[in-house]
Participant: 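One structure is given below, represented as structure tokens, and several questions about it will come after.
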Amino acid sequence: MTPPEQPRSLSFGSEAAAYERGRPSYPPDAIDWLLPAGARDVLDLGAGTGKLTTRLVERGLDVVAVDPIPEMLELLSNSLPDTPALLGTAEEIPLADNSVDAVLVAQAWHWFDPERAAKEVSRVLRPGGRLGLVWNTRDERLGWVKDLGQIIGHENDPFSQQVTLPDPFAATERHQVEWTSYLTPQALIDLVASRSYCITSPEQVRTRTLGQVRELLATHPALVNSSGLALPYVTVCIRATLA
């Protein structure tokens, strides 16, 4: 049966460039915590345009990126031409059994069928391998970020706050890292434009939402005439080790 979120999960292709321009990367401390000691072969599952993939490649790891959206993988391959980028899903991973030390999933586990995905991840992992999940969530304690949430929806991701994994990954650990992403006003607009609810909204709703973000940029005292924005995040990490 097709998961109900599937249409939205495949909507990002039309805004792949905005996704790449606007979405933040991931803090080193979070990646350190997710990766098992001695990991060499890593699968970035649901890799998108390669936000996490880039950080893994920079560490000298042997990385394979898998994503179901060709437009996203095209951008990934443009920036990381030596990294294998394969079309595939979490439910049908195009890798051999026991082929990687870690499977990392950035901003994507909630799009998967968890039972099927857990089974596939356990198949491709080596014994003692690690499944790591990571989400960037906006820290809305600052005034303008809270105001942004009133426009685009407050950051309240139940998957990152109360995620549960099926066997054999039922024993999970949770960790979070607070950090700041620095971006331009246009990148903030791209960030909003690349969110699935904005992509799939009727055109008039999308136009109104992006107009409200532009108005916030033009009128909020902390943002007026600013060429650079500091957007605070709390990065939530979940990890589980294959027995």
Side-chain angles (χ1 to χ4, degrees), residues 5 9 19 22-67 76 90 93 100-115 117-118 120-122 124-126 128-141 145 149 154-183 191 194-196 230-243:
E5 294 284 8
S9 72
Y19 191 106
R23 294 297 182 106
S25 184
Y26 298 89
D29 289 353
I31 301 173
D32 289 342
W33 188 83
L34 289 168
L35 287 171
R40 292 299 310 165
D41 300 307
V42 179
L43 166 61
D44 185 359
L45 184 59
T49 62
K51 289 292 184 177
L52 177 61
T53 320
T54 299
R55 301 284 83 85
L56 297 172
V57 170
E58 288 172 348
R59 291 167 176 253
L61 299 171
D62 293 323
V63 185
V64 177
V66 170
D67 197 88
L76 187 153
I93 300 173
V100 294
D101 302 309
V103 175
L104 298 191
V105 181
Q107 224 76 22
W109 183 263
H110 54 291
W111 298 120
F112 302 164
D113 177 320
E115 296 287 344
E120 273 291 89
V121 169
S122 65
V124 302
L125 277 176
R126 295 172 181 139
R130 173 78 54 77
L131 170 61
L133 316 181
V134 59
W135 287 266
N136 284 322
T137 59
R138 296 186 311 276
D139 185 345
E140 296 186 338
R141 288 175 288 186
V145 185
H154 291 296
E155 200 80 283
N156 181 26
D157 188 344
F159 299 99
S160 60
Q161 296 301 321
Q162 297 179 333
V163 69
T164 58
L165 297 176
D167 290 334
F169 300 106
T172 61
E173 300 174 89
R174 188 177 184 276
H175 178 65
Q176 66 183 45
V177 177
E178 296 185 9
W179 65 290
T180 300
S181 175
Y182 297 93
L183 68 169
L191 171 64
S194 73
R195 293 176 71 90
S196 62
L231 179 52
Y233 280 96
V234 177
T235 295
V236 181
C237 309
I238 306 291
R239 70 183 184 187
T241 301
L242 185 66

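If you read the sequence from its start, that first residue is 1, and numbering goes on from there.
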Participant: Side-chain contact, heavy-atom cut-off 4.5 Å: D29 with T235?
Facilitator: no
Participant: Is there a side-chain contact between I93 and L45 in this structure, where contact means two heavy atoms from C-beta onward sitting under 4.5 Å apart?
Facilitator: yes
Participant: Please give me the minimum heavy-atom distance between P36 and A102, naming the atom from each residue.
Facilitator: CD-CB, 3.8 Å
Participant: Are the side chain of R239 and the backbone of W33 linked by a donor-acceptor contact shorter than 3.5 Å?
Facilitator: yes
Participant: Any ion pair linking D101 and R126 (charged N to carboxylate O, less than 4.0 Å)?
Facilitator: yes
Participant: Under 3.5 Å, side chain of R130 to main-chain N/O of L34, donor-acceptor pair present?
Facilitator: yes
Participant: Apply the test side chain to side chain contact (heavy atoms under 4.5 Å, CB included) to residues L131 and T172: give CA-CA distance (whole Å), side-chain angles for both, the deciding distance (0.1 Å), then the verdict.
Facilitator: CA-CA 9 Å; L131 170 61; T172 61; over 6 Å; no
Participant: Could you give the distance from CG (L104) to CZ (R55), rounded to the nearest 0.5 Å?
Facilitator: 13.5 Å
Participant: Are E178 and R141 close enough for a salt bridge, meaning some N to O gap below 4.0 Å?
Facilitator: yes
Participant: Decide side chain to side chain contact (heavy atoms under 4.5 Å, CB included) for V100 and V42; before the verdict, give the C-alpha distance in whole Å, the side-chain angles of both, and the deciding distance to 0.1 Å.
Facilitator: CA-CA 6 Å; V100 294; V42 179; over 6 Å; no
Participant: Quick check: closest heavy atoms across D67 and G46, and the distance to 0.1 Å?
Facilitator: OD1-C, 3.3 Å
Participant: Would you check if V124 and V103 make a side-chain contact, meaning some heavy-atom pair closer than 4.5 Å?
Facilitator: yes
Participant: Between atom OH of Y26 and atom CD1 of I31, what is the distance when rounded to the nearest 0.5 Å?
Facilitator: 9.5 Å
Participant: Just by distance, do the side chain of E120 and the backbone of A90 share a donor-acceptor pair under 3.5 Å?
Facilitator: no
Participant: Search all heavy atoms of A230 against all heavy atoms of Y182 and return the closest pair with its distance.
Facilitator: CB-CE2, 3.6 Å
Participant: Which pair of non-hydrogen atoms, one from S122 and one from P168, has the smallest distance, and what is that distance?
Facilitator: CB-CG, 3.8 Å
Participant: As a test of understanding, state which of D139, V234, N136 forms a side-chain contact (heavy atoms from CB on, under 4.5 Å) with W179.
Facilitator: N136
Participant: Indicate yes or no: at least one non-hydrogen side-chain atom of F112 is less than 4.5 angstrom from one of V105.
Facilitator: yes
Participant: About how many Å separate CD of E115 and CG of D113, when rounded to the nearest 0.5 Å?
Facilitator: 7.0 Å
Participant: Going by heavy atoms in the side chains, are V236 and V134 under 4.5 Å from each other?
Facilitator: no
Participant: Check the pair L231 / V145 against side chain to side chain contact (heavy atoms under 4.5 Å, CB included), numbers first and verdict last.
Facilitator: CA-CA 7 Å; L231 179 52; V145 185; 3.9 Å; yes
Participant: Any ion pair linking R59 and D32 (charged N to carboxylate O, less than 4.0 Å)?
Facilitator: yes
Participant: Decide yes or no on side chain to side chain contact (heavy atoms under 4.5 Å, CB included) for D44 and V64, but give the supporting numbers first.
Facilitator: CA-CA 6 Å; D44 185 359; V64 177; over 6 Å; no
Participant: Could you give the distance from CG (D62) to CG (L43), rounded to the nearest 0.5 Å?
Facilitator: 13.0 Å
Participant: How many angstroms lie between CG in L52 and OG in S25, if you round to the nearest 0.5 Å?
Facilitator: 7.5 Å
Participant: P24 versus L191: any side-chain heavy-atom pair under 4.5 Å?
Facilitator: yes
Participant: Looking only at heavy atoms, what is the nearest atom pair of L76 and G50, with distance?
Facilitator: CD1-CA, 3.5 Å
Participant: If I take atom CG from residue L133 and atom CG from residue L165, how far apart are they, to the nearest 0.5 angstrom?
Facilitator: 5.5 Å
Participant: Decide whether Y233 and Q176 meet the rule of one side-chain donor and one side-chain acceptor closer than 3.5 Å.
Facilitator: no
